[in-house]
Amino acid sequence: MIKVTLPDGSIREYEKPVKALQIAQDFDPELAEKSLCAEVNDKLVDITYTIDEDAKINFPTFETDEGKEVYWHSTAHLMAQAVKQLFPSTKLAIGPAIEQGFYYDFDREESFTDEDLQKIEMKMKELIAQSLPYHRTELSKAEAIEIFSEMNETYKLELLEDIPEDEIISSYKQGDFIDLCRGPHLTDTGRIKAIKLLRTSGAYWRGDEKNKMLKRIYGISFPTEKELADYLQFLNEAMQRDHRKLGKDLDLFSINDEVGPGLVLWHPKGAMVRHLIEAYWKEQHLKKGYQLVYTPHIGRASLWETSGHLGFYKENMYSKMDIEGQDYYIKPMNCPFHISIYNSSLHSYRELPIRLAELGTVYRYERSGVLHGLMRVRGFTQDDAHIICTPEQMDSEVEKLIVFSLEMLKAFGFKEFLIYLSTQPEDCVGKKEDWDKATASLAASLEKLGLEYKVDEGGGAFYGPKIDIKIKDALGRAWQCTTIQFDFNEPERFDMTYIGADNTAHRPYMIHRAVLGSVERFFATLLEYHSGNLPLWLAPVQIILIPITDAQIEYTRKIEEQLLEQGFRCEFDARSEKMGYKIRAAEKSKIPFMCIIGKNEEANNQVTLRQHTVGDLGAMNLEEAISILRQKL
RNA sequence: GCCGAUGUAGCUCAAAGGUAGAGCAAUUGAUUUGUAAUCAAUAGGUUGGGGGUUCAAUUCCCUUCAUCGGCUCCA
C-alpha cells in the first residue's frame, strides 16, 4: 500500500507502484493536462516517474518557477537537437534554463548568424510537430563515458569526470538526439508550443576566461503563442524605459566618445535630479548622526600601499601620475581618506561610533566590454560612509544601517529588494573567529528585522563579510545598490585605535557602506523604475506654463513668478504654437504638471492644471493649484 | 579583454562602387490657436577615425575607436 499526499493535502492510497501522471489524472484531469513534471518529496522528476513508496506529490505547471524551468530546459534540448541536425560537427557544452528562458552553449568554429537562428527555429518547429518523447535512461558512469566518447562529445566527458563513480547518471533522448542530463523533462517535444531564439553571444566554457570561448544561443518558449507575444511586447516596453534611451530623450546625460567611455556628462536636467537626490541624502545622513567630509581625488602611492589597494586592487586602478617626482594615484575608493581623517586625532570610546560620510567620486578601470550606460561606468560617485565603532556597537550599527538603507530606497519609490549575505571567501584576511562573529552579526540583524535573504557562500570581500541589497532594472537584471561591508583589513593596516574605558588603545571595527551604491547607477535604476516619470519632488521640471496665445504671456509670467516664489521648478513654453502642440511636447518630456492659461483663465484670475498621463484637472485659482501640487510632493 | 552585431544630420531611420535623402527637432516668417503634431521657407553631414583596393569608396578590404547583446568582473 502506498500513501500519496496530494497537492491539496489529502491522501490517496494505491495498491501498487503508480506513475505520477496517473496520480495527477486521478486527482485533477485538468491539472494533469497542464502539469509539466512532478515534484515527489520535494524532488523534481518526470511526470512518467513511478512512485513506489509513500510520498508527498505536487504537479508544477508553467505558472510555477519549477514548471518554467523544466519547460525551458526541455526547449534547450530541443534547440540542441535542431543545431546538431543542421550542423552535425557542432559539439555540445551545457544548456540550462535561466530566469527568462534558456541558453545552450555550443563549440563550433563559425558563429551563428541571424539566418542560422531562423533555420534552427524552423527545424525546432519541425521537431515539435513530431512530438518526440523525451526518454530517460539511467546509466553507470562507465556506460555514460562510453556513449559520449563514441559521439565525441568531449565537453560532456569533461562534465562526467566530475561526477562521483557511484552516482546514477541519466541521459535523455528525443529522436536521434541524446544528452547527458539530470532532468526532469517534458513528456515530449509536442508540449512546446511557441518558441523564439533571441540572441547569440560568446561564453567561456565553465565561465572561465582561460577556457575556450563557445557560441551561446539564448531563447525562450511558452505554452501559447499569446504568452510569447506578450513576452516580446514586454521586451519592447523594457527598451522604451531603458535609462540610456530616457537619458537621451529627456536630455539628462550623455557619454561622449571624445571625453571617454564610461565617463558621464550630466546635463542640466540630469544634474538637477542628481542634486535633489544628493540633497535628500545629505539631509537624511545628518539626521542619522553622520558627519559629512570631503576628500581629494588623488593620493600618494604610499597611502595606497598602506591601505593595501596597490596589492589587491591594482587591476582596477588607473596608472600612476607623476607629481614632482612623487607617484600619485586617482582614487578607486574613499576609505583611506576617511581613515586618515579618523587618524588625524586621538579618539575615546565615548566618541564612537563615528560615521564619516561623503559623496565621493572614484575612478575604477573597467574592461571595455562591461561598460553599460550609467550602470557600469569608469568614474562614479559613491554615497560612501565609514562607520568606526567598538565591537560592542557593531550589532546595533548594522541593524540601524539595514533599516536606514531600506528607508532610503523606499523613499525613492522602490518596493522590491533582493538581499544577499556574503560570507568568508577562501583568500581573506582576518581571524576566523572575527569573520564568524561579524557574519553572525549581519545574519542576526537580517533575521531580527524579518528580512528574507540569500546567502552567497564565500562571496564576501577578502577583507570582510557583507550584506548587499539589489534592485532590478527594466529587463529584470538585478543591480547592486546598498552594500554593507565589514573590514578586518584596513583598521589593522592604518593602525586605527581608540582609547577604551581601561585607558589603553583598542582596535575599532570598521564598516564600509553605500546605500544608493553609486549615484550614477542609482539614478539609472530610478529612471527605469519610474519609466522616466519621476515623482514630483525629483522631477527636474515640475511645471510647464503654457499660454494659449501671445495675449496671455504677460499674465502667465506673473503666475510663473508666483510658482517660482513657492519653490517650484518651472519652464515656460512661449512658442507661437497651438496649445495641442505644446501639450504634446510637454507630455513627451514627461513633465508632471502643465499650467495652461487662456483668455478665460486670465479673465477669472485662474489657471488650468493638466497632469502628465492623467489629463485635464480643470480651471482653478492659483492657491488651489498650489495645494494640489503640494499634496503630490 | 573575449564572442557576435552595429556605427549615415541633434533624434529616428532610408539609399547606394559614380562625392547622400526623409520625418521629427532647430532657425526664420506667417498664424494667435482651448487639452497629444498649423503652414511655409531656411539651415544642418568629409556617412565614427586611420589606411588600402579602384579612374572613382560613404558602399569592398584591413585596422582602430565607440555603442549594443552576452561571457568575465563589480557600485
Side-chain angles (χ1 to χ4, degrees), chain A residues 103 105 108 110-114 198-218 239 242 244-245 248-249 251 254-262 313 315-316 332-333 360 362 364-384 459 461 468-470 475 477 479-483 485 512-522 524-525 546-553 575-588 594 596-601 608-619:
Chain A
Y103 67 78
D105 285 346
R108 177 174 182 246
E110 308 77 35
S111 295
F112 292 104
T113 62
D114 286 351
L198 295 166
R199 55 181 166 266
T200 57
S201 89
Y204 299 106
W205 167 237
R206 300 197 145 174
D208 188 335
E209 61 184 312
K210 289 186 202 79
N211 289 339
K212 185 166 187 184
M213 177 144 300
L214 307 171
K215 310 289 193 278
R216 174 174 297 182
I217 302 176
Y218 285 91
M239 227 160 62
D242 188 306
R244 291 165 298 190
K245 179 172 163 53
K248 204 182 271 179
D249 290 353
D251 196 17
S254 62
I255 294 170
N256 177 289
D257 223 13
E258 199 178 5
V259 173
Y313 207 70
E315 281 177 13
N316 288 290
M333 291 191 195
V362 297
R364 297 181 185 175
Y365 168 67
E366 294 289 349
R367 298 152 106 190
S368 54
V370 306
L371 299 173
H372 181 97
L374 297 185
M375 297 288 195
R376 276 298 283 284
V377 289
R378 286 184 173 154
F380 60 97
T381 300
Q382 287 185 306
D383 69 313
D384 208 358
D468 293 327
I469 304 178
K470 299 185 185 188
L475 280 170
R477 294 177 290 209
W479 293 96
Q480 184 174 319
C481 288
T482 303
T483 184
Q485 311 184 340
H512 303 255
R513 45 112 285 177
V515 173
L516 309 179
S518 95
V519 179
E520 285 75 7
R521 177 179 292 179
F522 184 74
T525 323
I546 302 180
I548 293 180
T549 74
D550 289 357
Q552 288 85 44
I553 287 186
R575 293 178 297 181
S576 96
E577 295 287 352
K578 289 172 80 166
M579 181 189 56
Y581 180 89
K582 295 185 192 180
I583 287 173
R584 182 179 150 81
E587 288 285 352
K588 284 183 70 176
M594 285 163 238
I596 297 165
I597 290 161
K599 59 177 185 301
N600 298 337
E601 284 80 0
T608 288
L609 223 47
R610 180 190 161 104
Q611 191 176 352
H612 172 56
T613 68
V614 175
D616 194 355
L617 301 182

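In what follows, every chain begins at residue 1, and chains take the letters A, B, ... in the order their sequences are listed.
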Checklist entry - Between A:E209 and A:K599, which is nearer to the 5' end of RNA chain B once each is assigned its nearest nucleotide? => result A:K599
Distance-only donor-acceptor test (3.5 Å): side chain [X], base [N]:
X      : N     : value
A:E366 : B:A75 : yes
A:E601 : B:G34 : yes
A:R521 : B:C74 : yes
A:R376 : B:C73 : yes

Taking the side chain of [X] as its heavy atoms from C-beta onward, which of [options] lies nearest to it?
X      : options             : answer
A:P261 : B:A75, B:A36, B:U67 : B:U67
A:D257 : B:A75, B:C65, B:G70 : B:C65
A:V370 : B:C3, B:G1, B:G34   : B:G1
A:Y204 : B:A66, B:U35, B:U72 : B:U72
A:T608 : B:C3, B:U35, B:G70  : B:U35
A:M213 : B:C74, B:A36, B:C71 : B:C71

Next on the checklist: For a 4.5 angstrom cut-off between non-hydrogen side-chain atoms, does A:I583 reach A:M594?
Outcome noted: yes
Next on the checklist: Any heavy-atom pair between the side chains of A:D249 and A:K588 that's under 4.5 Å?
Outcome noted: no
Taking only the side-chain nitrogens and oxygens of [X], find out if one of them lies under 4.0 Å from OP1 or OP2 of [N].
X      : N     : answer
A:S518 : B:A75 : no
A:R584 : B:U38 : no
A:H372 : B:G70 : no
A:Q480 : B:A75 : yes
A:S201 : B:G69 : no

Return yes if some donor-acceptor pair links the side-chain N/O of [X] with the main-chain N/O of [Y] below 3.5 Å, else return no.
X      : Y      : result
A:T549 : A:A551 : yes
A:R216 : A:S201 : no
A:R521 : A:M375 : yes

Would you mind classifying the nucleic acid contact of [X] as base, sugar-phosphate or nothing, using non-hydrogen atoms under 4.0 angstrom?
X      : value
A:N600 : base
A:G580 : sugar-phosphate
A:R610 : base
A:V519 : nothing

Item to check | Residues A:E577 and A:R584 bridged, charged N to O under 4.0 Å | outcome: no
Next on the checklist: Tell me whether A:R244 is salt-bridged to A:D242, with the criterion being a basic N under 4.0 Å from an acidic carboxylate O.
Outcome noted: yes
When both hydrogen-bonding distances must be under 3.5 Å and the geometry is Watson-Crick or G-U wobble, what is [N] paired with, if anything?
N     : answer
B:A66 : B:U6
B:G1  : B:C71
B:A36 : none
B:A26 : B:U42

Next on the checklist: Can you give me the closest heavy-atom contact between A:D383 and A:V515, atom names plus distance?
Outcome noted: OD2-N, 3.0 Å
Length of the line joining [X]:[atom1] and [N]:[atom2], which is rounded to integer Å:
X      : N     : atom1 : atom2 : value
A:Y365 : B:G1  : OH    : P     : 5 Å
A:K578 : B:U35 : NZ    : P     : 10 Å
A:K582 : B:A37 : NZ    : P     : 14 Å
A:R367 : B:G70 : CZ    : C1'   : 14 Å
A:I546 : B:A36 : CD1   : P     : 11 Å
A:L371 : B:A75 : CG    : C1'   : 13 Å

Next on the checklist: Exactly one of A:K599, A:K582, A:M579 should register a side chain to side chain contact (heavy atoms under 4.5 Å, CB included) with A:I548. Which one does?
Outcome noted: A:M579
Show each protein N/O and nucleotides 11-13 of chain B N/O combination with a separation under 3.5 Å, one pair to a line.
none

Next on the checklist: Say we look at B:U47 and B:G17: how far apart would their C1' atoms be, to the nearest angstrom?
Outcome noted: 15 Å
Can you tabulate the close N/O pairs, meaning under 3.5 Å, that link protein atoms to atoms of nucleotides 24-32 of chain B?
from  : atom 1 : to     : atom 2 : distance (Å)
B:A25 : OP1    : A:Y581 : OH     : 2.6
B:A26 : OP1    : A:R575 : NH1    : 2.9
B:U31 : N3     : A:S576 : OG     : 2.9
B:U31 : O4     : A:S576 : OG     : 2.4
B:U32 : O2     : A:D550 : N      : 3.1
B:U32 : N3     : A:D550 : OD1    : 3.3
B:U32 : N3     : A:D550 : OD2    : 2.9
B:U32 : O4     : A:D550 : OD2    : 2.6

Checklist entry - For A:Q611, which residues count as a side chain to side chain contact (heavy atoms under 4.5 Å, CB included) partner, sequence neighbours excluded? => result A:F593, A:V614, A:L617, A:K632
